[in-house]
Structures are given as structure tokens and as C-alpha cells.
Amino acid sequence: MLKERGTEMTKYYNMADILENRKSGGFELKRFTITKENRGFRNPLPYGDYVRLMEHGEVVMSDTPMEKRTNLRFINKAHGDVFIAGLGIGLIILPIQEKEEVTSITILEKNPEVIKMVGEQLPLNDKVTIIQGDVYEHTFPKGTKFNCLYFDIWNYVNNDIYQEMKKLKRKYLKYKRTLAEDPDAFIKCWAEYHAKNNKHLI
């Protein structure tokens, strides 16, 4: 079980036990295994089975320790009605759908191939709704509000990405419940601190 300082969280699922290898368009969902023989030296992964989602050969998301660590704070703090931009491999969806304090999860995913490959394999409960749409263009009906909004759509981060993050947060701020309605409401992006400070993700 991963732990954030002073808190505990639901255990991450082993995505290699859930997701099978699939291809659709330029996307590929592929399992891989790290062993003593193929483990890297500069950034070694723990031995075990993993899954990565790739677009035209570039890794979009995986379930490596870095991905788990950089999403940990969001998972711990998710509550109420949750909005997530980016389905990925569903790594962060499965833990939060089991939290009693999470009442609904709305996922916006741009690529129908990802929805088909990943969404159809995930053991989602009735809290979860997946919408196909572009986060930069999508709008919700007037009056739609969320307690937590989280953007996880980037393959890497740097200061240019941070500028995109700020624009998205401004666009979606109107959908966040006010602090008077929910003192713990938030709108955040994956690896936002790293993007702002041009820090390398490890």
C-alpha cells in the first residue's frame, strides 16, 4: 500500500491482471515484465508486471511507481463529485471509485480508441461515466458542479505544459464548487509542480 505523509489510501490495482494487450488505430495497450535481465540501470523499475498505453510508439501512461506516486495526492483527496480529464489506463479510477466519500466520477477522454480498448476492460461501478470529447472544447450544462477536478492528459511536463495547465484550470474553474459549498474543493493537474518548475519526473 502506498502512503502519503500522514495519510493512507486504497491500494492500487495491478493493471496487468486486468488489461489485455490490444491495438486500435495508432494506440496500443501492452503489458510488459521487468526482470533481472532487462531491468535498466539509470532508472530501474521494480521487478514485476506492468501495462503501458502507447500512441504511435510513444508512452502515454503506464502503471510504474512514478505514475502512482505523482497521482497519489489526488487519489487521497478525491471526494464528492469528481471530474477527470484523461482516461489513460484507468489506474487512478479504480481506487477512487471504491471510496465512500466519492459519489460520482465523470471522465472526459478525447480518443474513442482509448475508451474502447481500456474502458471496456475496466471493472467500473455505477459511479463512473465516460464521455468522449476534447477537454479544450468541451462544455458542461449550466449549473454542473464538481468537488474535485483533475487534468491528466500529458505524456510529459515542462513549463510550456504548465501554461496549458493554467488555461485549462481557468476554463473549468466555473465548474468547481465554491469553498463556501465545499472547503476541500480543488482543481489540479497531474505533476503540476514539476511542470511549473521544469523538474524531471522520476
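Computed over heavy atoms, backbone and side chain alike; hydrogens, waters and symmetry mates excluded. Please read all numbers here as calculations on a predicted model, not as lab measurements.
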My understanding is that only one of Tyr162, Trp190, Tyr172 makes a ring pair (Phe, Tyr, Trp, His ring centres under 6.0 Å) with Phe151; could you say which? Tyr172
Tell me whether [Y] is reachable from [X] by hopping between hydrophobic residues (I, L, V, M, F, W, Y) whose side-chain heavy atoms are closer than 4.5 Å.
| X | Y | value |
| --- | --- | --- |
| Tyr175 | Ile187 | yes |
| Met54 | Met61 | no |
| Ile161 | Tyr193 | no |
| Leu179 | Phe83 | no |
| Tyr156 | Leu53 | yes |

Taking the ring of Tyr150 and the ring of Phe186, is the distance between their centroids below 6.0 Å? no
Where do Ile84 and Ile93 land on the side chain to side chain contact (heavy atoms under 4.5 Å, CB included) test, with the steps shown first? CA-CA 9 Å; Ile84 299 173; Ile93 310 302; 3.5 Å; yes
Kindly indicate, with the supporting measurements, whether the criterion side chain to side chain contact (heavy atoms under 4.5 Å, CB included) is fulfilled by Tyr136 and Ile153. CA-CA 11 Å; Tyr136 293 99; Ile153 62 172; 3.7 Å; yes
Chi angles and distances behind the side chain to side chain contact (heavy atoms under 4.5 Å, CB included) call for Lys127, Thr103: CA-CA 6 Å; Lys127 293 180 183 180; Thr103 52; over 6 Å; no
Atom pair [atom1] ([X]) and [atom2] ([Y]), whose distance is rounded to the nearest 0.5 Å:
| X | Y | atom1 | atom2 | value |
| --- | --- | --- | --- | --- |
| Lys68 | Ile75 | NZ | CD1 | 10.0 Å |
| Cys189 | Met165 | SG | CE | 5.0 Å |
| Ile96 | Glu101 | CD1 | CD | 10.0 Å |
| Asp63 | Leu45 | CG | CG | 9.5 Å |
| Leu91 | Ile18 | CG | CD1 | 9.5 Å |

Is the number of heavy atoms from other residues, nucleotides or ligands within 6.0 Å of [atom1] ([X]) greater than 12?
| X | atom1 | result |
| --- | --- | --- |
| Lys23 | NZ | no |
| Lys116 | NZ | no |
| Lys196 | NZ | no |

Could you tell me whether Lys176 and Asp182 make a salt bridge, using a distance below 4.0 angstrom between a side-chain N and a carboxylate O? no
Note: Lys169-Glu192 ion pair, threshold 4.0 Å (strictly below):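 Salt bridge between Lys169 and Glu192, a charged N being under 4.0 Å from a carboxylate O: yes.
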Under the side chain to side chain contact (heavy atoms under 4.5 Å, CB included) rule, what do Ile130 and Thr106 come out as? Steps first, then yes or no, please. CA-CA 6 Å; Ile130 302 176; Thr106 301; over 6 Å; no
Considering all heavy atoms of both residues, which atom of Gly88 and which atom of Glu109 are nearest to each other, and what is their separation?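 That would be N-OE1, 4.0 Å.
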Looking only at non-hydrogen atoms, find the nearest pair between Pro112 and Gln132 and report the distance. CD-NE2, 3.9 Å
Is Arg31 close enough and on-axis enough to Tyr50, meaning under 6.0 Å and within 45°, for cation-pi?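 No; the conditions do not both hold, so Arg31 does not lie above the ring face of Tyr50.
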Just by distance, with hydrogens left out, do Thr64 and Glu67 show a side-chain donor and acceptor under 3.5 Å apart?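 No, no side-chain donor-acceptor pair sits under 3.5 Å.
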